[in-house]
Structures are given as structure tokens and as C-alpha cells.
Amino acid sequence: MNTKWVISILVTVLIWALGVGGYFYLADSIPNQVAVTSVYMADEEIVGESEGENSFDPKAVIQNTQQLVVMIEVGSTGSAGSGFLYNDKGDIVTNAHVVAGTEKVTVRMADDREYEGTVIGISTDTDVAVVRVPDLQGVEPLPLAAERNAEIADEVIALGSPLGLQNTVTTGIISGVDRSFELGPYHYDNVYQISAPIAPGNSGGPLVDLQTGEVLGINSAGMDQGTIGFSIPMSSVITMLEGWSASPLSSLPNVAGYMDYGYDHVSEIDLATYLIYYFYESINLNDYVTAYSLLGHNWQTGTSYDSFREGYLNTRFVTIDEMDAWEDGNYVSVVAVISAEESRDGVTVISKYKVTYQVGYENDQLKIISGTAEKI
């Protein structure tokens with residue numbers, strides 16, 4: 001036989017052998033490899049889970065916190081303030097000036113349930129107190145930043161019942177630290193200054209870290225028509241609070257020189273300007289339901305909720321630059337200059353408006369009766 005033919009036959013047989021062997025090898029090994037999770041897929045899943053653990057939802061922080069923030073009503077004086085659940089014994093932290101002069105108070109929850117509370121601890125010089133509500137024993141409390149202090153520019157939310165508006169949320173930052181002053185008979189030492197608007201009725205409510213949901217402080221005083229607030233750091237009073245929770249006072253001290261912070265004694269102008277701040281805070285939080293609820297009946301009749309909401313969907317954030325107000329018959333007229341960050345065709349622009357509102361009462365509820373806006 002010709003040598004070339006022999007070589008050709010042998011090569012052909014070898015190729016066929018390799019082909020058949022290769023087929024069975026691939027048929028056996030490829031399914032096994034496919035059954036093994038891809039390295040790249042695994043990395044993507046891990047990254048996704050890690051991002052989920054480190055991310056936070058501001059709305060979730062607010063909603064979770066609101067459930068444990070209460071309104072405290074003092075029947076003997078008719079005043080009201082705020083507080084929050086800080087341990088699983090049913091103990092509510094508030095300001096001393098909210099509950100001074102009384103032992104029993106009414107505690108109203110976010111869902112309108114009412115309980116009786118007893119003051120078990122109160123200071124004569126530091127503006128803090130503890131109210132025990134047996135019906136709340138065993139309820140998981142808010143997390144506390146008891147061993148760390150906030151820093152300037154930390155994002156915070158202030159919660160409470162300013163001017164009787166229960167479950168109000170305002171946002172801001174820590175704008176100052178280590179502030180000290182006196183509002184007799186209380187001494188405020190090394191407190192936080194905050195930009196979140198607060199007003200009478202906010203007193204005793206929590207100052208919450210928007211990133212972690214932890215309570216940083218106790219909102220205690222406000223100045224300049226609610227645009228500047230002060231909050232007592234939890235780290236500076238936690239030992240005192242826990243002492244009262246462990247050993248309630250057998251008798252409560254008298255607090256001399258008690259200041260009446262009740263919102264019933266705030267001027268109509270202060271009430272009206274705070275309502276406008278609250279309106280825009282609700283817009284900034286995309287809480288259009290609350291913002292719409294602040295409008296008067298005639299305004300709501302002429303503007304449906306859907307139309308109202310749609311008008312603000314492209315508004316990212318509103319800042320009040322200037323505000324003036326004066327009494328105008330049965331109403332308070334409020335004029336403000338605002339800066340609005342608006343999204344237009346995918347681009348963010350800042351527009352300025354002059355807004356004019358009339359604020360008054362409807363069925364004993366303070367409302368924004370009418371309003372106009374003019375671009376400037």
C-alpha cells in the first residue's frame with residue numbers, strides 16, 4: 001500500500017477519535033460547569049446585598065420614628081408638648097417644662113390611642129423629664145445615640161406636635177454645637193443648634209439622625225419664629241433618665257419660675273408663619289397629603305388633590321429666603337420670597353417666587369385660606 005495513503009488513513013482515524021472523545025468530554029463537563037454559579041454573577045449579587053445593607057430610606061426612618069413619638073397633654077394647664085418612647089419599660093422622654101407642676105398627663109399616640117402617664121422623674125435645672133406609661137411596657141423603643149455626639153452639618157429631622165399639629169416632621173442640619181444659655185429656671189449647656197424649624201409644642205420631641213434613625217437629642221427651645229431650634233444631646237442626660245427609670249422619684253420637686261411654653265399663648269403671626277414653614281417642609285418631604293390638608297376649604301374645592309400634587313412633582317426642594325407677616329382683619333397675611341429647585345427637561349434650575357398667603361381659622365383649625373405666586 002502506498003505510504004501516503006497509510007498516513008492519510010491514520011490521520012483520519014485520529015481526527016475521528018479525537019472528535020468522538022471531545023464530544024463525550026464536553027457533553028459531560030459543560031453541564032457541570034453551567035451548574036456552578038458564575039464568578040461574575042456572584043460578585044454582582046454580593047455588591048447588591050452590600051449596597052442594600054448600607055443604604056437608607058429617609059421616608060422609612062421618618063415613618064418608623066413617628067409611631068413612637070407622642071403628644072403629651074396636661075389637663076391642669078391646657079398646654080401640650082411632645083415626647084418619645086426611649087426604653088421597653090414604657091418610659092417617655094420629654095422636657096421638664098412640658099410636665100412641670102403635674103403628676104398625671106395624657107399621652108396620645110400617632111394612631112390617636114390615648115393612655116394615662118405618670119411623671120416619674122423631673123429635673124429642676126436641666127429641662128428633661130420622664131413619663132411612665134404602663135400600657136407601653138414591652139414596646140420596642142426608638143434607638144438612641146447615647147454614647148456619641150452629632151457633628152455640624154449632620155442631617156436631622158425634628159418630630160413632635162408644634163402648635164397642636166401632631167406628628168409634624170421638619171428637616172434640617174446640625175448648624176451649631178456646644179451652645180449654652182439660660183431660659184429660667186433651666187440651664188441649657190452644650191446643646192445642639194438646629195436649622196429644622198420648631199415651635200411651641202415641639203418641646204420634648206426627638207431630634208433624629210436621618211442617616212441612622214437614632215435619637216440624637218431632645219428638642220427643647222426655639223427662637224426667631226421657629227427658624228432656629230435647640231436640642232439637648234441624649235449623651236448628656238441619658239444617665240439621669242436611666243436613673244429615674246430604675247428608681248422613680250417618690251415625690252416630685254416644685255419647679256420655680258416655670259415658663260409657659262403652651263402654644264395657646266403664641267401670637268397669631270407666629271402661628272401663621274410656622275404653618276407656611278410646615279407647608280413647604282411637607283412639600284420637601286414629598287408629603288403632598290399633609291401639604292394639601294393645610295389648605296382651606298375653598299382652595300381645596302377649586303383644586304383637586306391630584307392637580308395640587310402634579311403641580312409640585314417637578315419641585316425638588318423649596319427654601320424660604322425671606323418672610324414677613326402682619327395681622328389683616330380676621331386673617332394673617334404672609335408674604336415670602338422662596339427659591340425652588342425645579343426639574344425641567346432633565347435639568348435642575350433654581351427659580352425665585354414671591355408668594356402671598358392668607359392664613360386663618362376654619363372650624364378651629366388654622367388653614368392657608370388662599371395664596372398666589374409670582375415669579376421674580
Asker: Do you know which two heavy atoms are closest between V105 and V131, and how far apart they sit?
Answerer: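 Distance-wise, the nearest heavy atoms are CG2-CG1, 3.7 Å.
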Asker: Would you say V70 and L85 make side-chain contact, with heavy atoms under 4.5 Å?
Answerer: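 Answer no - side chains too far apart.
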Asker: Find out whether P253 and I122 are in side-chain contact, i.e. whether some heavy atom of one side chain is under 4.5 Å from a heavy atom of the other.
Answerer: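 Side-chain contact under 4.5 Å: yes.
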Asker: Applying a strict under-4.5 Å side-chain criterion to I, L, V, M, F, W and Y, I'd like to know whether V335 and V355 cluster together.
Answerer: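 No, V335 and V355 fall in different hydrophobic clusters.
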Asker: Starting at CG of N298, measure out to OG of S370 and round the result to the nearest 0.5 Å.
Answerer: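 OG of S370 is found 9.5 Å from CG of N298.
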Asker: Hey, does the side chain of T65 reach the backbone of V61 with a donor-acceptor pair shorter than 3.5 angstrom?
Answerer: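 Yes; at least one donor-acceptor contact below 3.5 Å.
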Asker: Does atom OH of Y115 have more than 12 heavy-atom neighbours from other groups under 6.0 Å away?
Answerer: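 Count over threshold, so yes.
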Asker: Can a salt bridge be assigned to the pair K89 and D91 using a cut-off of 4.0 Å between side-chain N and carboxylate O?
Answerer: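 No, K89 and D91 are not salt-bridged.
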Asker: Tell me whether K104 at atom NZ has more than 12 heavy atoms from other residues, nucleotides or ligands lying less than 6.0 Å away.
Answerer: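 Yes, because the 6.0 Å sphere around NZ of K104 holds more than 12 heavy atoms from other groups.
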Asker: Do the side chain of S175 and the main chain of Q193 share a donor and acceptor less than 3.5 angstrom apart?
Answerer: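 Side chain of S175 to backbone of Q193, a donor-acceptor pair under 3.5 Å: yes, one is there.
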Asker: Go through the steps to decide whether V128 and V93 satisfy the test side chain to side chain contact (heavy atoms under 4.5 Å, CB included), and finish with yes or no.
Answerer: CA-CA 7 Å; V128 294; V93 174; 5.6 Å; no
Asker: Quick one: do T106 and M71 satisfy side chain to side chain contact (heavy atoms under 4.5 Å, CB included)? Show the steps, please.
Answerer: CA-CA 8 Å; T106 298; M71 177 187 285; over 6 Å; no
Asker: Roughly how far, to the nearest 0.5 Å, is OG of S236 from CD1 of I218?
Answerer: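 Result: 7.5 Å between the selected atoms.
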Asker: Would you kindly confirm whether V337 and Y277 end up in one hydrophobic cluster when ILVMFWY residues are joined by side chain heavy atoms under 4.5 Å apart?
Answerer: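 Hydrophobic grouping puts V337 apart from Y277.
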Asker: Report the distance from atom CH2 of W244 to atom OG of S123, rounding to the nearest 0.5 Å.
Answerer: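 OG of S123 is found 5.0 Å from CH2 of W244.
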Asker: For the residue pair I62 and L159, what are the closest heavy atoms and their distance?
Answerer: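 Answer, listing the atom of I62 first, then L159: O-CD2, 4.4 Å.
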Asker: Let me see the working for K352 and D321 under salt bridge (charged side-chain N to carboxylate O under 4.0 Å, His left out), right down to the final yes or no.
Answerer: CA-CA 9 Å; K352 283 187 175 291; D321 301 322; 2.8 Å; yes
Asker: Heavy atoms only: give me the nearest A196-A158 pair and the separation to one decimal.
Answerer: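 It is CB-CB, 4.1 Å.
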Asker: Treat each ILVMFWY residue as a node, draw an edge where side-chain heavy atoms are under 4.5 Å apart, and state whether I173 and Y192 are in one component.
Answerer: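 They do not share one cluster, since no chain of ILVMFWY contacts under 4.5 Å joins I173 to Y192.
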Asker: For residues I320 and I283: do they belong to one hydrophobic cluster (side chain heavy atoms under 4.5 Å, members Ile, Leu, Val, Met, Phe, Trp, Tyr)?
Answerer: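 Yes, it is one cluster - the side chains of I320 and I283 are joined through contacts under 4.5 Å.
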Asker: Please lay out, stage by stage, how F84 and L144 fare under the test side chain to side chain contact (heavy atoms under 4.5 Å, CB included).
Answerer: CA-CA 11 Å; F84 60 93; L144 308 178; 4.3 Å; yes
Asker: Does T372 offer a backbone N or O that forms a donor-acceptor pair with the side chain of K354 under 3.5 Å?
Answerer: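 Not confirmed, K354 side chain does not pair with T372 backbone.
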Asker: Would you indicate whether the side-chain heavy atoms of E362 and I369 approach each other to under 4.5 Å?
Answerer: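 Yes, side chains in contact.
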Asker: The test is side chain to side chain contact (heavy atoms under 4.5 Å, CB included); show your working for E214 and M234 and say whether it passes.
Answerer: CA-CA 10 Å; E214 294 177 309; M234 286 298 299; over 6 Å; no
Asker: Verify, without hydrogens or angle tests, whether S82 (side chain) and S161 (backbone) share a donor-acceptor contact under 3.5 angstrom.
Answerer: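 Side chain of S82 to backbone of S161, a donor-acceptor pair under 3.5 Å: yes, one is there.
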Asker: Under 6.0 Å from the CG atom of N330, do we count more than 12 heavy atoms belonging to anything else shown?
Answerer: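 Atom CG in N330 is not packed in, count stays at 12 or less.
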Asker: If I compare all heavy atoms of V133 with all of G117, which pair ends up nearest, and what's the gap?
Answerer: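 In terms of heavy atoms, the two residues are closest at CG2-CA, 4.1 Å.
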Asker: Where do S333 and D328 come nearest, in terms of heavy atoms and distance?
Answerer: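 Heavy atoms only, the tightest pair is OG-OD2, 3.1 Å.
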Asker: Hydrophobic clustering (ILVMFWY, side-chain heavy atoms < 4.5 Å, transitive) - are Y361 and L294 grouped together?
Answerer: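 Per the 4.5 Å side-chain linkage, L294 and Y361 are co-clustered.
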Asker: So how far is it from T348 OG1 to N314 CG, rounded to the nearest 0.5 Å?
Answerer: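 Answer rounded to 0.5 Å: 10.0 Å.
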Asker: D127 side chain to A96 main-chain N or O, any donor-acceptor pair under 3.5 Å?
Answerer: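 Yes, because the side chain of D127 sits within donor-acceptor range (under 3.5 Å) of the backbone of A96.
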Asker: Please tell me whether Y86 and S245 have a donor and an acceptor in their side chains that are separated by less than 3.5 angstrom.
Answerer: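 Yes, side-chain donor-acceptor contact under 3.5 Å.
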Asker: How would you list, by chain and number, every residue that makes a side chain to side chain contact (heavy atoms under 4.5 Å, CB included) with D189, sequence neighbours excluded?
Answerer: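 Here the qualifying residues are S180, H187.
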Asker: Minimum heavy-atom separation for Y353 and E342, please, with both atom names.
Answerer: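 Taking Y353 first and E342 second, the nearest heavy atoms are OH-OE2, 3.0 Å.
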Asker: Test your reading of the model: is there a side-chain donor-acceptor pair from S235 to the backbone of P233, 3.5 Å cut-off?
Answerer: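 Not at all, since once roles are kept as given, no pair shorter than 3.5 Å links the two residues.
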Asker: Taking the side chain as everything from C-beta on, heavy atoms only, tell me whether N149 gets closer than 4.5 Å to N190.
Answerer: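 The answer is no; the side chains never approach within 4.5 Å.
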Asker: Answer yes or no: is there a side-chain heavy-atom contact under 4.5 Å between Y274 and T168?
Answerer: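 The answer is yes; the side chains approach within 4.5 Å.
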Asker: Evaluate the side-chain proximity of L210 to T171: yes if any heavy-atom separation is below 4.5 Å, no if none is.
Answerer: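 No, side chains not in contact.
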Asker: Supply the atom-to-atom distance E114 CD to D135 CG, rounded to the nearest 0.5 angstrom.
Answerer: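 Spacing of CD (E114) from CG (D135) equals 12.0 Å.
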Asker: Among side-chain atoms of N286 and Y288, is any donor-acceptor pair under 3.5 angstrom?
Answerer: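 Indeed, the side chains of N286 and Y288 share at least one donor-acceptor pair under 3.5 Å.
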Asker: Residues in ring pair (Phe, Tyr, Trp, His ring centres under 6.0 Å) with Y292, at least two apart?
Answerer: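 Testing Y292 for ring pair (Phe, Tyr, Trp, His ring centres under 6.0 Å), a comparison that skips the adjacent residues, returns Y305, F308.
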Asker: Mark yes when over 12 heavy atoms from residues, nucleotides or ligands other than R309 sit less than 6.0 Å from its CZ; otherwise mark no.
Answerer: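 No, CZ of R309 has 12 or fewer neighbouring heavy atoms, counting only those of other groups under 6.0 Å.
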Asker: With rounding to the nearest 0.5 Å, note down the distance linking CD1 in I92 to CG in L68.
Answerer: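 Nearest 0.5 Å value for the CD1-CG distance: 8.0 Å.
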Asker: Do N363 side-chain atoms and Q365 backbone N/O form a donor-acceptor pair below 3.5 Å?
Answerer: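 Side chain of N363 to backbone of Q365, a donor-acceptor pair under 3.5 Å: no, none is there.
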Asker: Could you tell me whether the side chain of E116 reaches within less than 4.5 Å of the side chain of V107, counting heavy atoms only?
Answerer: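 SC-SC contact between V107 and E116 ruled out.
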Asker: Hey, are the side chains of Q66 and V69 touching, using non-hydrogen atoms and a 4.5 Å cut-off?
Answerer: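 A side-chain contact under 4.5 Å is absent here.
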